[in-house]
Amino acid sequence: MTAPAAAEAALAKTYDPAGTESRWQQAWESSGAFHPDPAAEGDPFSVVIPPPNVTGSLHMGHAFNTALIDTIVRFQRLQGKNVLCLPGTDHASIAVQTILEKQLKAEGQRKEDLGREAFLEKAWAWKAESGGTIVGQLRRLGYSVDWQRERFTLDAGCSTAVIEAFNRLHEQGLIYRGEYLVNWCPASGSAVSDLEVEMKEVDGHLWHFRYPLTAGAAADGCTHLEVATTRPETLLGDTAVAVNPKDPRYAALVGQTLALPLVGRQIPIVADDHVDAEFGTGCVKVTPAHDPNDFAIGQRHNLPLITVMARDGSMNEAAGRFQGLDRFEARKAVVAAMDAEGFLVKVEDYRHSVPFSDRGKVPVEPLLSTQWFVRTEPLAARCREALENADPRFVPERWTKVYRDWLTDIRDWCISRQLWWGHRIPAWFVVSETGGEITDSTPYVVARDEAEARTKAEAQFSGGSHAHPVVLEQDPDALDTWFSSGLWPFSTLGWPGELNGAEPADLARWYPTSVLVTGFDIIFFWVARMTMMAGALMESRGDASAAWIPFRDVYIHGLVRDENNRKMSKSAGNGIDPLLLIERYGADALRFALVREVAGAGQDIRLDYDRKSDTSATVEASRNFANKLWNATRFALMNLGGETPASLGEPDPAALQLADRWILSRLARVNRETAERYGNYGLGEAAKGLYEFAWNEVCDWYVELIKRRLNPGENPSPAALADQRTARAVLAKVLGELLVMLHPLMPHLSEELWHGLTGQPESSFLALQSWPALDQAALDNQLEAQFAELIEAIRVVRNLRALAGLKPSQSAPVSFVTGRAELAALLQEANPDITALTRAETVAVLSPEQAEAAPAAKALAGVSGELQVLLPIEGLVDLDALRGRLEKDIAKADREINGLAGRLANPNFADKAPPEVVLECKANLAEAEAQAALARRRLGDLG
RNA sequence: GCCCGGUUAGCUCAGCGGUAGAGCGCCUGCCUUACAAGCAGGAUGUCGCUGGUUCGAAACCGGCACCGGGCACCA
């Protein structure tokens, strides 16, 4: 019993993806199909996936990203490349810690109650659960990644990489520690980077205050300056008022002092260009410790920094009587006090933007704090240089500018976070120097481990002797998640490897990676961080940017939006669980739907979805396509007589019929186009092209055309049997190659059907086959054009039959009239096909002369080009419908004649347009005129 | 304020110099032995507005309008 016969018996009428998908997922994984050997043959092709955060479960955006990456890597595998697709997850320091703290809070606890160690245990437990869910979801999508190489940004290997990277950057002076104004998130109790701050428009107020001059009154009688602020509580930390140096109103006052209300401090009036004389009163209160612009003014004028707020967002001792109040209460209290003491001039409603913390969802507080920073400009400069060689190459190209602009005028990156979950900073404070405590002035050493830190510290602080043992304490802070994510393309490949050893095999083989596929929303967070890190750390690979840049291409895709065009996100609560759609329609259907929607260059995709029923018409359409392929294969299995593409062999070119040559030409063309599209990130076009070829050409026409040949009936002649074999061979070839081409998009279904069709054992995989060779010789433009005419002719007949109200089962005679010998020959050759596809009683092909000579019977008539189609079925004809049809034809031809004639009548057209365009235009005009004339005559015949 | 997308059939989108397209939805007729998750046929558009370039513009250039996004930000 052959495999196909078994499959035939097993094939149900409709495709049921559930069992099929899990079966192949297990077979691929257990066989190690996607576990490549770095020593294996084939050009390397590698992708590291964007590691999803272990913050819960995957959403549709991940499914989209997965569908794109998997399509690409599966295609490259079919191209014979040595493909590595490496999976993993991200520890998402701040996001996960926020979730855990929220959980603790619900239980009435704080993390401090647990202690660091117990808290981290909880975090690892969370990671195990969420990571497991995510990995399960990725498997359900059929992701052809190497699970044996799965990584986590906080695993041992990544930790080694992070420590090494931190040390090297520190040694190169690219990491420093210092006190600066940072974005402080009171909700998470940590500093955050500029990228984690989001400006939001809020309705607030602009309070106008009067600050009195210390000197009483100036020469012009002025006794005070008026300032306006949106943040009254910060006035407690004011150390100056600034005016524009060119502002004549205040020129005389610069250098004088003001008495700061409520506080009484004397503060100077300074002149600074930052101040816009046109805005408000032209006077700005300056709070260097609580505002980035004021900080800069303070630097320029050497102003003191007075911090009036604590890290939890409450006012500190410097705030005097306001100490202990939360910042928002303090705001009210300060305003009330100012009003009471007569300093409040007025309050205006004012809409302005306020920086919010992405995670904490509260306004961030610019706060003076000692933190670790990465000096970004030298790293960015190296990346900008690389960009001159198009490293990396962005697809679509327009993202290059976004990336370059961000790398220009970049600010230093604050990398320390006051968090526990994450990579602990590999710096040790020599607390024995500062009385056992970490203060801003405690010296520190950066090292790879505590032993190395001790050696370094002893060398520095105890003269190398053990007489005065140093006491070390590791920095309690953790690193920004993106620090470890920034190392992802090489930390996952084994970097840094053994000390002084050769490069790890994976790194040597697969670095740089071939392409990074990700959404535009993390170009700054992630893409640029990776290129900057690589620029500093991959120096051993040489100076040429192509050697160290972590990916040759960056394929940027859009976001998945919901049915209301909103970005799908967990917080908005409008996410769609991919598993729901997978369960309903299958992973292949979901993947195909997502890729098919992507066609445009990186546009967002809108996935239609009915939340009441959990259905999606888009995904359903793809499911239907899967079912179509299923049935096409089922048809083949029922008609190949137990043979396979291999046993049938290549069809004999001499035996090919018209339809065979046509479909083989189309197959070759689709092969060429599809390979090109897959290779150029034209994934949506590849999907659409295959969909149309499979459904509209193979199923609708080719299969219908060969049914007759596949079933030669009782006692077939040897010629009929030979022709049956030819049709079988072509069908098997077309279907077999189509399945290979579809495999990157619909891996499970194609794998299943390919096994059914080829009878290959379970241990052999379509996923590891070769892309079908392109049959150049089969390409035939002229044939494809002719065949399109034949299809059109058949359509006209069908249309006329529909007009006549003929039942599909009723047969009717058909006549074609054409003056073109080639077309006549084609129609003759296709006579049996036409008969079959139009239920023709007889098919006659006549020249115009012959038609003229014959007595003009009442007939349905239609035209296609200059071809006339006649259905002489007097009596059955609905004359009005027929007239309507002819009038429509005439109107259409007339419109065309008008347009074409008008164009030809324009002397400029004949002079300036290319000759072939003019000729084509004339030909089209002649045809349209002939068509109109024919239709008019037929209309006249009807009386 | 600066930058980037988008505006084409009821919906979702392709087309990006030579006579307007697909899928879904809609209408009509069909259970034709692969598939009703199907087959055949059909209807549907001042291609946002406005100038210009061109023999010819949905497409190229300018302006405008509206929608979406990013960056910066004046207290």
Side-chain angles (χ1 to χ4, degrees), chain A residues 11 13-15 199 206-207 227-231 234 241-242 274-276 278-287 291 293-294 350 352-353 396 398-399 401-402 405-406 409 520-521 523-524 558-559 561 563 565-567 585 589 596-597 599-608 617-618 620-639 684-685 688 691-692 695-696 699-700 703-704 707 711 795 798-803 805-809 837-839 892 895-896 899-900 903-904 906-914 916-918 920-921 924 928:
Chain A
L11 278 190
K13 232 175 149 179
T14 55
Y15 172 51
M199 302 303 279
L206 195 56
W207 286 273
V227 298
T229 181
T230 54
R231 308 186 52 207
T234 65
V241 167
H274 172 258
V275 180
D276 179 357
E278 307 291 312
F279 187 88
T281 58
C283 301
V284 183
K285 63 190 262 322
V286 182
T287 321
D291 180 277
N293 288 311
D294 293 4
Y350 190 58
H352 62 133
S353 43
R398 69 184 138 94
W399 294 109
K401 184 176 156 55
V402 174
D405 287 353
W406 190 72
D409 296 325
F520 62 79
D521 51 334
I523 289 179
F524 306 147
L559 272 28
R561 317 197 82 97
E563 65 279 14
N565 203 22
R566 281 190 301 248
K567 178 181 168 178
Y585 302 112
R596 197 163 176 258
E597 289 299 315
Q603 301 302 339
D604 289 352
I605 62 171
R606 201 179 308 192
L607 192 69
D608 77 289
T618 308
E620 185 174 313
S622 295
R623 188 275 313 264
N624 293 351
F625 178 54
N627 191 236
K628 188 73 182 175
L629 294 164
W630 174 266
N631 275 293
T633 307
R634 206 168 134 240
F635 172 81
L637 294 179
M638 291 163 69
N639 284 282
E685 286 115 315
K688 283 180 194 170
Y691 180 98
E692 282 165 19
W695 200 317
N696 303 338
C699 292
D700 288 351
V703 166
E704 293 305 323
K707 277 182 174 169
N711 291 297
R795 287 218 164 109
R798 284 172 170 171
N799 173 257
L800 292 178
R801 287 181 52 102
L803 270 177
L806 287 175
K807 295 271 174 208
S809 54
L837 296 189
T838 65
R839 285 267 178 170
K892 192 180 168 208
R895 267 200 309 277
E896 209 172 317
L900 292 167
R903 215 188 306 178
L904 284 165
N906 182 342
N908 286 327
F909 177 68
D911 290 348
K912 296 189 182 165
E916 65 270 18
V917 172
V918 177
E920 195 189 328
C921 194
N924 288 343

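Labels below follow one simple rule: chain letters A, B, ... track the order of the sequence lines, proteins then strands, and each chain is numbered from 1.
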### Donor + acceptor pair across side chains of A:Arg634, A:Asn631 (<3.5 Å)
yes
### Message
What is the separation between atom CG on A:Leu559 and atom P on B:G68, rounded to the nearest whole Å?
### Response
15 Å
### Message
Between B:G18 and B:A59, how far apart are the two C1' atoms, rounded to whole Å?
### Response
11 Å
### Query
What is the nucleic acid contact for A:Val275, judged by heavy atoms within less than 4.0 Å: base, sugar-phosphate only, or nothing?
base
### Message
Can you check the distance between B:C11 and B:G45, where both ends of the measurement are the P atom (answer in whole Å)?
### Response
14 Å
### Summary
Protein-proximity profile, nucleotides 52-61 of chain B, B/S/- by nucleotide at the 4.0 Å heavy-atom cutoff, equals ---B------
#### Entry: Whole-angstrom distance between B:C31 and B:A37, as gauged at atom P
16 Å
## Note on the structure
A:Arg231 CZ to B:A75 C1', in whole Å, measures 11 Å
### Task
Starting at atom CD of A:Glu685, determine the distance to atom P of B:G23, rounded to an integer number of angstrom.
17 Å
### Task
Indicate yes or no: at least one non-hydrogen side-chain atom of A:Arg561 is less than 4.5 angstrom from one of A:Ile605.
no
### Query
Of all the nucleotides listed (B:G70, B:A75, B:G23), which has the minimum atom distance to the side chain of A:Asp276?
B:A75
### Task
Please state the C1' separation for the pair B:A58 and B:A9 - nearest whole angstrom.
14 Å
## Note on the structure
Whether each nucleotide of nucleotides 24-36 of chain B has a protein heavy atom under 4.0 Å at its base (B), only at its sugar-phosphate (S) or at neither (-) is summarised, 5' to 3', as S-----S---BBS
### Task
Using a heavy-atom cut-off of under 4.0 Å over every strand shown, decide if A:Arg798 touches base, sugar-phosphate, or nothing.
sugar-phosphate
Protein N or O to nucleotides 3-10 of chain B N or O, pairs below 3.5 Å:
residue, atom, partner, partner atom, Å
B:G5, O2', A:Gln603, OE1, 3.0

#### Entry: C1' spacing across the pair B:G25 / B:U44, given as an integer number of angstrom
12 Å
### Query
Between atom CZ in A:Arg801 and atom P in B:A40, what is the gap in whole Å?
14 Å
#### Entry: Whole-Å gap separating C1' (B:G69) and CZ (A:Arg606)
14 Å
### Message
So A:Phe520 and A:Leu559, do their side chains get closer than 4.5 Å, heavy atoms only?
### Response
yes
### Query
Distance between the P atoms of B:U8 and B:A14, in whole angstroms?
10 Å
### Query
Do A:Phe524 and A:Val402 have side-chain heavy atoms sitting under 4.5 Å apart?
yes
### Message
Under the criterion side chain to side chain contact (heavy atoms under 4.5 Å, CB included), I'd like the reasoning laid out for A:Phe909 against A:Leu904: C-alpha separation, chi angles, the key distance, then a yes or no.
### Response
CA-CA 6 Å; A:Phe909 177 68; A:Leu904 284 165; 3.9 Å; yes
### Query
Does OP1 or OP2 of B:G41 have a side-chain N or O of A:Arg795 closer than 4.0 Å?
yes
### Query
Which of these nucleotides, B:G18, B:G41, B:C73, is closest to any side-chain atom of A:Met199?
B:C73
### Query
Where the side chain of A:Asp291 meets the backbone of A:Thr287, is there a donor-acceptor pair that is under 3.5 Å apart?
no
### Query
Quick one: A:Glu896 CD to B:G18 P, roughly how many Å, whole number?
16 Å
### Query
At under 4.0 Å between heavy atoms, what does A:Tyr585 touch on the DNA or RNA strands: base, sugar-phosphate, or nothing?
nothing
### Query
Given B:G41, B:U19, B:A14, which nucleotide is nearest the side-chain atoms of A:Lys688?
B:A14
### Query
With sugar-phosphate meaning primed atoms plus P, OP1 and OP2, does A:Ser353 contact a base, only sugar-phosphate, or nothing at under 4.0 Å between heavy atoms?
base
### Query
Any idea which heavy atoms bring A:Lys807 and A:Arg801 closest together, and the distance?
O-NH2, 3.0 Å
### Query
When the C1' atoms of B:A57 and B:C16 are considered, how many whole Å apart are they?
10 Å
### Task
Sticking with atom P, work out how far B:C30 lies from B:C47, rounded to a whole angstrom.
38 Å
### Query
What integer distance in Å separates A:Leu803:CG from B:G41:P?
12 Å
#### Entry: Distance, rounded to the nearest Å, where A:Arg623 contributes CZ and B:G38 contributes C1'
12 Å
### Task
For A:Tyr15, report the nucleic acid contact type (base, sugar-phosphate, nothing); a contact means any heavy atom under 4.0 Å.
base
